[in-house]
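Just follow the structure's listing: the first ligand is 1, and inside any ligand the first atom is 1.
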Amino acid sequence: MCNNFFSVGITGGIGSGKSLICKIFLVLGVPVYSSDERAKWLLSHDDLLKNQIIQQFGEEAYDQEGKLNRSYLANTIFTDEERRQQLNALVHPRVGADFDKWRASCSASPYVLKEAALLFETGSYRQLDKIINVSAPKALRIQRVLLRDIHRSKEQLEAIMAKQWSDKQREELADFTIKNNEKELVLPEVIKIHKHLLKISY
Ligand code: ATP
């Protein structure tokens, strides 16, 4: 891959602290692409994706003004694994294309970060040069997310975690793992990884 386009994935289970770690990288000057935020944006603004969703999920997926009917889609995929996978199969390629476009606009940066909860699960880690994994014990992750998202329950979080890879699986494939367990300091670890990435991406 062209050095100007050196791309690093950052992943981890729900509540592991990916976004928090990304903020540290941002402060160090590294551009960060948030796949989850961009996916939400694309669902409402990408005409190709919108048309594909209407074809597969029906006109109800959008209201008359073309706004995404989030609760309809969420209810449709919540209990139907096949539908959930169909939706992911539509969204992931569009996020991939959007990331490629964004990445090209960051060519002045030695490397960029792509943050995604499901980097391994979707196979998109294969298009990235290095992968950083953020890990934390499940109980701590649940505690954090319950504090952050008051509308969520412990049972919902356990159901989400059951669909994600375990920390052990991620650690085996990742190039770096940051243990965000509130016992070890993450800042020196981030700086160490950043220096290493600067060295290999130039
Ligand atoms: P998601 O997969 O849901 O997007 P995430 O992996 O991006 O989650 P964050 O949003 O970064 O996780 O962290 C979850 C919550 O835990 C946030 O409120 C964050 O501020 C808090 N948090 C993360 N790491 C720490 C830490 N080391 N000390 C204290 N709070 C933390």
Side-chain angles (χ1 to χ4, degrees), residues 7-44 68 70-71 73-74 77-78 81 84-85 87-88 91-92 94-96 98-99 102 111-125 128 130-194 197:
S7 303
V8 178
I10 179 160
T11 191
I14 184 165
S16 58
K18 297 177 290 298
S19 304
L20 185 101
I21 301 290
C22 282
K23 283 183 192 149
I24 305 175
F25 277 100
L26 263 179
V27 172
L28 295 171
V30 182
V32 177
Y33 179 94
S34 166
S35 301
D36 295 347
E37 274 174 29
R38 284 302 291 173
K40 278 188 199 144
W41 189 88
L42 291 166
L43 279 165
S44 296
L68 181 71
R70 280 187 197 281
S71 56
L73 259 196
I77 63 168
F78 190 66
E81 180 56 24
R84 192 178 72 88
Q85 285 183 14
L87 182 65
N88 282 343
V91 174
H92 286 301
R94 298 308 295 151
V95 171
D98 183 63
F99 171 72
W102 172 85
Y111 75 94
V112 299
L113 278 186
K114 181 184 189 189
E115 178 194 358
L118 303 178
L119 217 46
F120 288 125
E121 293 85 339
T122 59
S124 51
Y125 74 98
L128 297 158
K130 293 285 172 198
I131 304 290
I132 301 168
N133 168 48
V134 182
S135 72
K138 268 190 178 180
L140 183 58
R141 288 160 50 198
I142 290 175
Q143 193 185 315
R144 285 174 181 164
V145 180
L146 289 178
L147 269 178
R148 189 193 61 187
D149 307 338
I150 45 166
H151 61 281
R152 282 180 146 148
S153 68
K154 188 169 181 261
E155 291 69 32
Q156 273 177 343
L157 296 177
E158 278 168 350
I160 291 171
M161 285 177 176
K163 292 195 179 94
Q164 297 182 334
W165 278 25
S166 68
D167 274 357
K168 189 169 176 290
Q169 284 173 303
R170 271 190 292 263
E171 276 168 32
E172 277 168 15
L173 274 191
D175 299 285
F176 313 93
T177 286
I178 298 173
K179 289 197 162 77
N180 184 24
N181 54 17
E182 296 176 36
K183 288 188 186 131
E184 287 149 85
L185 292 176
V186 292
L187 201 51
E189 200 53 31
V190 170
I191 291 170
K192 195 169 98 188
I193 294 170
H194 175 60
L197 290 171

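Screening Leu185, Asn181, Asn180 against Lys183 for a side-chain contact (heavy atoms from CB on, under 4.5 Å) leaves a single residue, Asn181.
Note on Glu115 versus Lys23: no salt bridge recorded, every NZ/NE/NH1/NH2 to OD/OE distance being 4.0 Å or above. Salt bridge annotation for Lys168-Glu171: absent, with no cationic side-chain nitrogen under 4.0 angstrom from a carboxylate oxygen.
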Tabulate distances under 3.5 Å between N/O atoms of ligand 1 and N/O atoms of the protein, writing both atom names on each line.
{"unit_1": "ligand 1", "atom_1": "2 (O)", "unit_2": "Lys18", "atom_2": "NZ", "d": "2.7"}
{"unit_1": "ligand 1", "atom_1": "3 (O)", "unit_2": "Arg148", "atom_2": "NH1", "d": "3.2"}
{"unit_1": "ligand 1", "atom_1": "3 (O)", "unit_2": "Arg148", "atom_2": "NH2", "d": "2.7"}
{"unit_1": "ligand 1", "atom_1": "6 (O)", "unit_2": "Ser16", "atom_2": "N", "d": "3.3"}
{"unit_1": "ligand 1", "atom_1": "6 (O)", "unit_2": "Ser16", "atom_2": "OG", "d": "3.3"}
{"unit_1": "ligand 1", "atom_1": "6 (O)", "unit_2": "Gly17", "atom_2": "N", "d": "3.0"}
{"unit_1": "ligand 1", "atom_1": "6 (O)", "unit_2": "Lys18", "atom_2": "N", "d": "3.0"}
{"unit_1": "ligand 1", "atom_1": "6 (O)", "unit_2": "Lys18", "atom_2": "NZ", "d": "2.8"}
{"unit_1": "ligand 1", "atom_1": "7 (O)", "unit_2": "Ser19", "atom_2": "N", "d": "3.0"}
{"unit_1": "ligand 1", "atom_1": "7 (O)", "unit_2": "Ser19", "atom_2": "OG", "d": "2.8"}
{"unit_1": "ligand 1", "atom_1": "8 (O)", "unit_2": "Gly15", "atom_2": "N", "d": "3.2"}
{"unit_1": "ligand 1", "atom_1": "8 (O)", "unit_2": "Arg148", "atom_2": "NH1", "d": "3.2"}
{"unit_1": "ligand 1", "atom_1": "10 (O)", "unit_2": "Arg148", "atom_2": "NH1", "d": "2.7"}
{"unit_1": "ligand 1", "atom_1": "11 (O)", "unit_2": "Ser19", "atom_2": "N", "d": "3.3"}
{"unit_1": "ligand 1", "atom_1": "11 (O)", "unit_2": "Leu20", "atom_2": "N", "d": "2.9"}
{"unit_1": "ligand 1", "atom_1": "12 (O)", "unit_2": "Gly17", "atom_2": "N", "d": "3.2"}
{"unit_1": "ligand 1", "atom_1": "24 (N)", "unit_2": "Asn180", "atom_2": "ND2", "d": "2.9"}
{"unit_1": "ligand 1", "atom_1": "27 (N)", "unit_2": "Asn180", "atom_2": "OD1", "d": "2.7"}

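Of the possible donor and acceptor atoms, one in the side chain of Arg144 sits under 3.5 Å from a partner among the backbone N and O of Ser16.
A centroid separation of less than 6.0 Å is found between the aromatic rings of Tyr111 and His194.
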Worked verdict on Arg84 versus Glu81 for salt bridge (charged side-chain N to carboxylate O under 4.0 Å, His left out): CA-CA 5 Å; Arg84 192 178 72 88; Glu81 180 56 24; 3.0 Å; yes

